[in-house]
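One structure is given below, encoded as structure tokens.
Chain identifiers are assigned alphabetically (A, B, ...) following the order of the sequence lines, protein sequences preceding nucleic acid strands; residue numbering begins at 1 within each chain.
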Protein chains: 2
Amino acid sequence: MSITIKDIASIAGVSHVTVLRVLNGKPNVKPQTREKILAIAREHNYVTNRLARNLSGKQSNVIGLIITDISNPLYAELVRGADDVFSKHNYRTIIHNSDNQKVLASKGLINMKELRVAGLLVAVPSKGESDFLKELEQIDLPYVCFSTNKSNDNDYVAFDDEKGGYILGKHLVELGHRRIVCLAPEERNTRPTQARLEGLQRALRECGIPFSEADIFEIGFGYQDGYRMADRILQIPGVTATVCLYDKLAIGLLRRLKERGISVPDDMAVSGFDDNEISTFLETSLTSVSLPKYTLGQKGGQLLLDKLNYLAESPWVSQQMMIEPVLMIRESTKRM
Amino acid sequence: MSITIKDIASIAGVSHVTVLRVLNGKPNVKPQTREKILAIAREHNYVTNRLARNLSGKQSNVIGLIITDISNPLYAELVRGADDVFSKHNYRTIIHNSDNQKVLASKGLINMKELRVAGLLVAVPSKGESDFLKELEQIDLPYVCFSTNKSNDNDYVAFDDEKGGYILGKHLVELGHRRIVCLAPEERNTRPTQARLEGLQRALRECGIPFSEADIFEIGFGYQDGYRMADRILQIPGVTATVCLYDKLAIGLLRRLKERGISVPDDMAVSGFDDNEISTFLETSLTSVSLPKYTLGQKGGQLLLDKLNYLAESPWVSQQMMIEPVLMIRESTKRM
DNA sequence: CTGTTAGCGCTTTCAA
DNA sequence: TTGAAAGCGCTAACAG
């Protein structure tokens, strides 16, 4: 067992409260006593027991992150952004992967509550969303969400995916494209998918470019899906540009287009969403709507900390924050 | 405040110990009493307070991960592997990013100790390694490391990078390459860098292929670095193959080679280490030494859990585990 | 400047 | 089958 405040007290021949004062930098301790206590603490490698402190003090220094999947680069960067903020303010970060499943996310809620974390940063699973939000409310911990489907009055931070779709659509039209198709996941009811599509549709509508359900090809999220879909797209007469709702689709597509001898962007423009560093270095660099993931994590973390601080004082007014996307124009789309 | 064991006790009109027995599934409680207590607990959404339990019970259900950078895909996958194991055994995962800096890693050590985590999974920073290991020992928590430089008797799990270098070297020689150069980070003294290089050298030595310090080009880790180095490599007469110690270097290189109109693999073979899913879908798919990152995380997590269990009983004999690399042969290297 | 006392919510032991 | 009592290591209030 490690040394405790009482151990130090008995070694120093004082009461444990005096030790506490010294260790917590409180005033009103004779300098000599202070020195002596500090020396003993150092000598014995004293380390505060946060369990005890948090239990007693009714507050925690750890924050829970309920996310979809830490091995997904989106969440990995986002978590890093949040953790950097938390660390700076001396909070620790505990993670829980939900795989976007409601049951697993709910389990995370309980786990976090058990540990009496100070607050929660949560990516709401896209199925069973409203049930989950109810539980989240019930668990009675301060929380901030990442983008949810329901327009709600939670605190949240989100990418402005709709705007992303919009600026990408505009860009393609400006380049001269008049016949555009879209690769989307089969599962259309997640927030980013929906929003990106809506933005795209809005842009094309404004420009008078025809675009219907039939121009949306539903497949999946992965490289393989984009790869597979290439041949089908090439059968459609007149198509000069493809919007992939996720970069992996675009990258798989690029690969297959190369195999087929289709020149990008001359014969076919390709574009996507998410934008990772690699997009610049692909043999055909990829035009992509960049979503600042690290920033999203930071903002979410900061909002939660603000909330924790305000809660102590005045009542909190919930905040919603949208993060602007940036269109990264690269070789895969060029003026026709 | 949430409801406590005592609250339930007073509502049920029993002592808090009886409640405890029920909640912890202990025997010797009258069925009626049990039901009543469970009903009350459910009704009031009782959730155990782990802080109290851990403090009192002298054990924790959270495990600390000290890693370099969660936004690095290597660590993201590794953490996912470890967390999956921990979750299954009802442990929580708390993370701390060290950015491979000794001071930050040490800070993580203290943070984790404060929380009295059950154990530690740690990626040792490559500078100040032996100092850090001393601190790690002092902090007095059960731990397992990921690959360290020093041959030591810690528990650890690691990729067999040396073997990776070896099989890649062999592969290139078998394809007929006789003049091979290598792109490496300037900072050569990290374990994976060293080991990969050693393996490569061993393979080439065995095959009687000349390879000297002058054939190692020191640059960095990133796409940009590989990109920049391409021109220099092309100036070297007779070179037919490049080994990049990290895939990002290879991908940057591929990009620049394409710009220069160099055909891969016909004019130049390119290969790397790390292997992410995307490597298959690059326009020129990349031959790479695949290191199963998720598995490494799992193995590390499992080893730590084993250690935690054994420690309670018999003395523990430290274990070292090497994870085998797999060479993924793709288009960027082909028989000459 | 210092100490006493009570308590956070749970666990453990012993006694009934 | 149940409860009383002490304690985990720290905090907070009050007293001196």
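- Rounded to an integer number of Å, the gap from NZ of Lys36(A) to P of dC1(C) is 16 Å.
- In this entry the distance linking CD of Glu114(A) with P of dC10(C) reads 11 Å, nearest Å.
- For DNA chain D, the outermost nucleotides in 5' to 3' order that have an atom under 4.0 Å from a heavy atom of chain A are dG9(D) to dA12(D).
- Counting to the nearest Å, the C1' atom of dT12(C) and the CD atom of Gln59(B) are 13 Å from each other.
- In this model, a donor atom of one side chain and an acceptor atom of the other lie less than 3.5 Å apart for Asp155(B) and Trp316(B).
- Out of dG9(C), dG3(C), dC10(C), the shortest distance to the side chain of Leu20(B) is found at dC10(C).
- The two atoms that bring Met112(B) and Ile94(B) nearest to each other are SD-CG2, 3.7 Å, heavy atoms only.
- Mapping Pro27(A) and Lys6(A) onto DNA chain C by nearest heavy atom places Pro27(A) closer to the 5' end of the strand.
- Atom-to-atom, CG of Asn49(B) to P of dC8(C) comes out at 12 Å; the value is rounded to the nearest Å.
- Among the protein residues, Asn24(A) comes within range of the sugar-phosphate backbone only, with heavy atoms under 4.0 Å from sugar or phosphate atoms but none that close to a base.
- In this entry the distance linking CG of Leu51(A) with P of dG7(C) reads 22 Å, nearest Å.
- Heavy atoms of Ile5(B) sit under 4.0 angstrom from primed sugar atoms or phosphate atoms, though from no base atom.
- Counting only N and O atoms by type, the side chains of Tyr156(B) and Gln319(B) include no donor and acceptor under 3.5 Å apart.
- Going from atom CD1 of Ile70(B) over to atom NE2 of His96(B) covers 12.5 Å, rounded to the nearest 0.5 Å.
- At dG9(C), none of the side-chain N or O atoms of Tyr46(B) fall inside 4.0 Å of OP1 or OP2 (strictly under the cut-off).
- OP1 or OP2 of dG7(C) has not a single side-chain nitrogen or oxygen of Ser56(A) nearer than 4.0 Å.
- At the heavy-atom level, Arg50(B) lies nowhere under 4.0 Å from the strands shown.
- A salt bridge links Asp84(A) to Arg80(A): one of the charged nitrogens lies within less than 4.0 Å of a carboxylate oxygen.
- As rounded to whole Å, 13 Å separates atom C1' of dG9(C) from atom NZ of Lys113(A).
- Listed by first and then second residue, the salt bridge (Lys or Arg N to Asp or Glu O under 4.0 Å) pairs involving residues 33-55 of chain B are Glu114(A)-Arg50(B) (not counting sequence neighbours).
- For the residue pair Asn61(B) / Asn90(B), no side-chain donor-acceptor distance below 3.5 Å is found, with atom types taken as modelled.
- Both Asn28(B) and Ser2(A) lie close to DNA chain D; mapped to their nearest nucleotides by heavy-atom distance, the more 5′-ward contact belongs to Asn28(B).
- Salt bridge Asp131(B)/Lys102(B): absent, no basic N to carboxylate O contact under 4.0 Å.
- dC10(C) atom C1' lies 10 Å from atom CG of Asn54(B), rounded to whole Å.
- Using a 4.0 Å heavy-atom distance criterion, Val29(A) is classed as a sugar-phosphate-only contact.
- His16(B) contributes a side-chain N or O that forms a donor-acceptor pair with the base of dT11(C) under 3.5 Å.
- Counting to the nearest Å, the P atom of dT2(C) and the CD1 atom of Ile8(A) are 16 Å from each other.
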